[in-house]
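One structure is given below, encoded as structure tokens.
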Amino acid sequence: MSADATPSAAPPPTGNGARQHGERHTPSSPVDRPDLPGQQRRPEEHTPNKNGSADRNGDGGRTRVPRRRPQLLPYLLIAPALLSLVVVLGYPLADMLLLSFQDMTRKELFSGESPPWVGLEQFRNILSDGFFWVVVARTAAFTVVCTTLTMAISLAVALLMRRVSTWVRLIIASVLIAVWAMPVMVAASIFRWLFDADYGVANWLLSQLPMMDFSKHNWFTDPWQGFAVIAGVVIWGAVPFATITLHAALMQIPQELEEAAVIDGVQGSQMLRHITFPVIKPSFVMVTTLMSIWNFGVFNQIWLMRGGQPEREYYLLGIYSFIESFAVNRYSAGAAIAVVTVLLLLAGSVVYLRQMLRMGEVE
């Protein structure tokens, strides 16, 4: 080979050879090679709009999400109900609140004069009265007992309705609806006959037991026994609503969920605690709160069972407020007791709302 011969161009080194010769190897961009495994696309750069700011929507800042106009139709639909509540409940509550700050007597009632303003005197009088706190404690205890027994019986009947055959379930539902439709006056009359001292069925049945004599036994002589009978009337009328509501909640439990729990070995009380109750908990809390509010304001059952003349041992807050207003003619004192009762009920409603909000956050 001659010295002046031009050498042929050698191919560029690749792989390790390129690294040995110091040449820079530029890999293909993942944007250009989207088929490479494990590679991700780089986020697209935002194009600046006319103001020089980046447009995150990628449309040059020309498209904007329109604001939703407020809809008036829902408010118009609930307006009649709200107006009815304001007329039926709002005005009496406002008038009762105003009366609790006054001193209404028969003189102002029949003459039409404006009663004198006494401020918080009525509240100071009732809050400093020891008998008022006895009535409050009695009302709270009565509410707890009636609500607990109602929810326990209702849950048991609802679980039973879920396991029986269809025709048995229909019979139980029909009986519950019939009991729910029964007026309070009729139910109170039936219970007064059942526990009558002379001709009561309860006394006759208990007298048939050995070494027991309940002939001529008056159940209302002892307030504990009397409140047991009154609680029976209250629970009798409350169980149907609670049972039907809880049964409806139980029907929403997926059957696949229970079958999977059975396969995992969950049985008996574990099924109720970990599977059934968490599903029906919102309905259970709602019904419990409603029952507490209704039982806290019980009036008709006590008034009817005691023939319109309840003794002081049978006073609950509703009875106490009514007696102070219309029997003793201390209208303002009765109004103050009613206001305190409403405040206590509102406190219970706040607890209910907090429980529902917590359950909503968990879900």
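Grouping Ile, Leu, Val, Met, Phe, Trp and Tyr residues whose side-chain heavy atoms lie under 4.5 Å apart, directly or via other members, places Val88 in a hydrophobic cluster with Leu85, Leu89. Hydrophobic cluster membership for Ile78: Leu82 (Ile, Leu, Val, Met, Phe, Trp, Tyr linked by side-chain heavy atoms under 4.5 Å, directly or transitively). Cluster note: Val134 groups with no other residue, as no ILVMFWY side-chain heavy atom lies under 4.5 Å from it. Hydrophobic clustering, defined by side-chain heavy atoms of Ile, Leu, Val, Met, Phe, Trp and Tyr closer than 4.5 Å, groups Leu304 together with Val184, Met185.
Among residues two or more places apart in sequence or in another chain, the ring pair (Phe, Tyr, Trp, His ring centres under 6.0 Å) test is passed with Trp117 by Phe101. Annotation: ring pair (Phe, Tyr, Trp, His ring centres under 6.0 Å) contacts of Tyr331 (sequence neighbours excluded): none. With sequence neighbours left out, the ring pair (Phe, Tyr, Trp, His ring centres under 6.0 Å) criterion links Trp180 to Phe241. With sequence neighbours left out, Trp303 forms a ring pair (Phe, Tyr, Trp, His ring centres under 6.0 Å) with Phe299, Phe322.
Checked by atom type and distance alone, the side chain of Ser128 pairs as donor or acceptor with a backbone atom of Asn125 at under 3.5 Å. Under the 3.5 Å distance criterion, the side-chain polar atoms of Asp103 are left unmatched by any main-chain donor or acceptor of Pro116. A donor-acceptor contact shorter than 3.5 Å is absent between the side chain of Ser100 and the backbone of Ala335. Put simply, the side chain of Gln225 never gets that close to the backbone of Thr221: no donor and acceptor are under 3.5 Å apart.
When all heavy atoms are compared, the tightest approach of Ser321 to Ser325 is O-OG, 2.9 Å. A pairwise comparison of heavy atoms in Leu206 and Met212 identifies O-CB, 3.6 Å as the closest pair.
One distance of note links CG of Leu246 with CE of Met251; it measures 13.5 Å at 0.5 Å rounding. Taking CZ of Arg330 as the start and CD1 of Ile323 as the end, the distance is 12.5 Å to the nearest 0.5 Å. Once rounded to the nearest 0.5 Å, the distance linking CG of Leu345 with CZ of Phe296 reads 5.5 Å. Rounded to the nearest 0.5 angstrom, Glu324 CD and Ile319 CD1 are separated by 12.5 Å. Separating the OG atom in Ser283 from the CD atom in Gln252 is a distance of 8.5 Å, to the nearest 0.5 Å. How far CD1 of Ile235 is from CD of Gln301: 11.0 Å, rounded to the nearest 0.5 Å.
By the 4.5 Å heavy-atom criterion applied to side chains, Arg312 and Tyr320 are not counted as neighbours. Side-chain contact check for Ser154 versus Val239: some heavy-atom pair is nearer than 4.5 Å. Contact check for Ile126 versus Gln122: no side-chain heavy atoms found under the 4.5 Å cut-off. Residues Val164 and Leu160 are in side-chain contact: their nearest non-hydrogen atoms beyond the backbone lie under 4.5 Å apart. Using a 4.5 Å cut-off on side-chain heavy atoms (C-beta onward), Met182 and Ile190 make contact.
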Trp219/Phe191 under side-chain contact (heavy atoms from CB on, under 4.5 Å): CA gap, chis, key distance, verdict: CA-CA 11 Å; Trp219 289 83; Phe191 272 80; over 6 Å; no

Full working for side-chain hydrogen bond (donor to acceptor under 3.5 Å, both in side chains) between Glu108 and Thr105: CA-CA 6 Å; Glu108 289 79 16; Thr105 61; 2.2 Å; yes

side-chain contact (heavy atoms from CB on, under 4.5 Å) between Ile293 and Ser349, worked out: CA-CA 8 Å; Ile293 294 175; Ser349 301; 3.8 Å; yes

side-chain contact (heavy atoms from CB on, under 4.5 Å), that's the test. Do Met161 and Val168 meet it? Break it down for me. CA-CA 8 Å; Met161 292 178 62; Val168 176; over 6 Å; no

Take Leu344 and Leu317 through the side-chain contact (heavy atoms from CB on, under 4.5 Å) test and state the conclusion after the steps. CA-CA 11 Å; Leu344 293 175; Leu317 282 175; 4.1 Å; yes

Show, in sequence, the C-alpha distance, side-chain angles and deciding distance for Phe220 and Phe195, and conclude whether the ring pair (Phe, Tyr, Trp, His ring centres under 6.0 Å) test is met. CA-CA 9 Å; Phe220 294 95; Phe195 292 92; 7.9 Å; no

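Environment of CD in Gln309: sparse, with no more than 12 heavy atoms of neighbouring residues, nucleotides or ligands closer than 6.0 Å. For Gln255, the CD atom sits in a loose shell: 12 or fewer heavy atoms of surrounding residues, nucleotides or ligands are nearer than 6.0 Å.
Residue pairs meeting the side-chain hydrogen bond (donor to acceptor under 3.5 Å, both in side chains) criterion with at least one member in residues 181-199, sequence neighbours excluded: Asp198-Lys216. Each side-chain hydrogen bond (donor to acceptor under 3.5 Å, both in side chains) pair with one or both residues in residues 73-92, not counting sequence neighbours, would appear here, but there are none. Counting only residues at least two apart or in different chains, side-chain hydrogen bond (donor to acceptor under 3.5 Å, both in side chains) contacts with residues 133-152 comprise Thr147-Asn295. For residues 157-174, every residue pair satisfying the side-chain hydrogen bond (donor to acceptor under 3.5 Å, both in side chains) rule, not counting sequence neighbours, is listed here: Arg162-Glu258, Ser165-Trp167.
No path of Ile, Leu, Val, Met, Phe, Trp and Tyr side chains, each step under 4.5 Å between heavy atoms, connects Tyr315 with Trp224, placing them in separate hydrophobic clusters. One hydrophobic cluster, built from ILVMFWY side chains closer than 4.5 Å, cannot hold both Val144 and Ile153; they sit in different ones. In the hydrophobic clustering of this structure, Phe277 groups with Leu159; members are Ile, Leu, Val, Met, Phe, Trp, Tyr whose side-chain heavy atoms approach within less than 4.5 Å, directly or through other members. Criterion: ILVMFWY side-chain heavy atoms under 4.5 Å apart, direct or through other members. Under it, Leu98 and Val339 are part of a common hydrophobic cluster. Side-chain heavy atoms closer than 4.5 Å link hydrophobic residues (I, L, V, M, F, W, Y) into clusters, and following such links, possibly through other members, connects Leu346 to Leu316.
Tested against Phe142 for a ring pair (Phe, Tyr, Trp, His ring centres under 6.0 Å), the candidates Phe227, Trp294, Tyr314 yield a single pass: Phe227.
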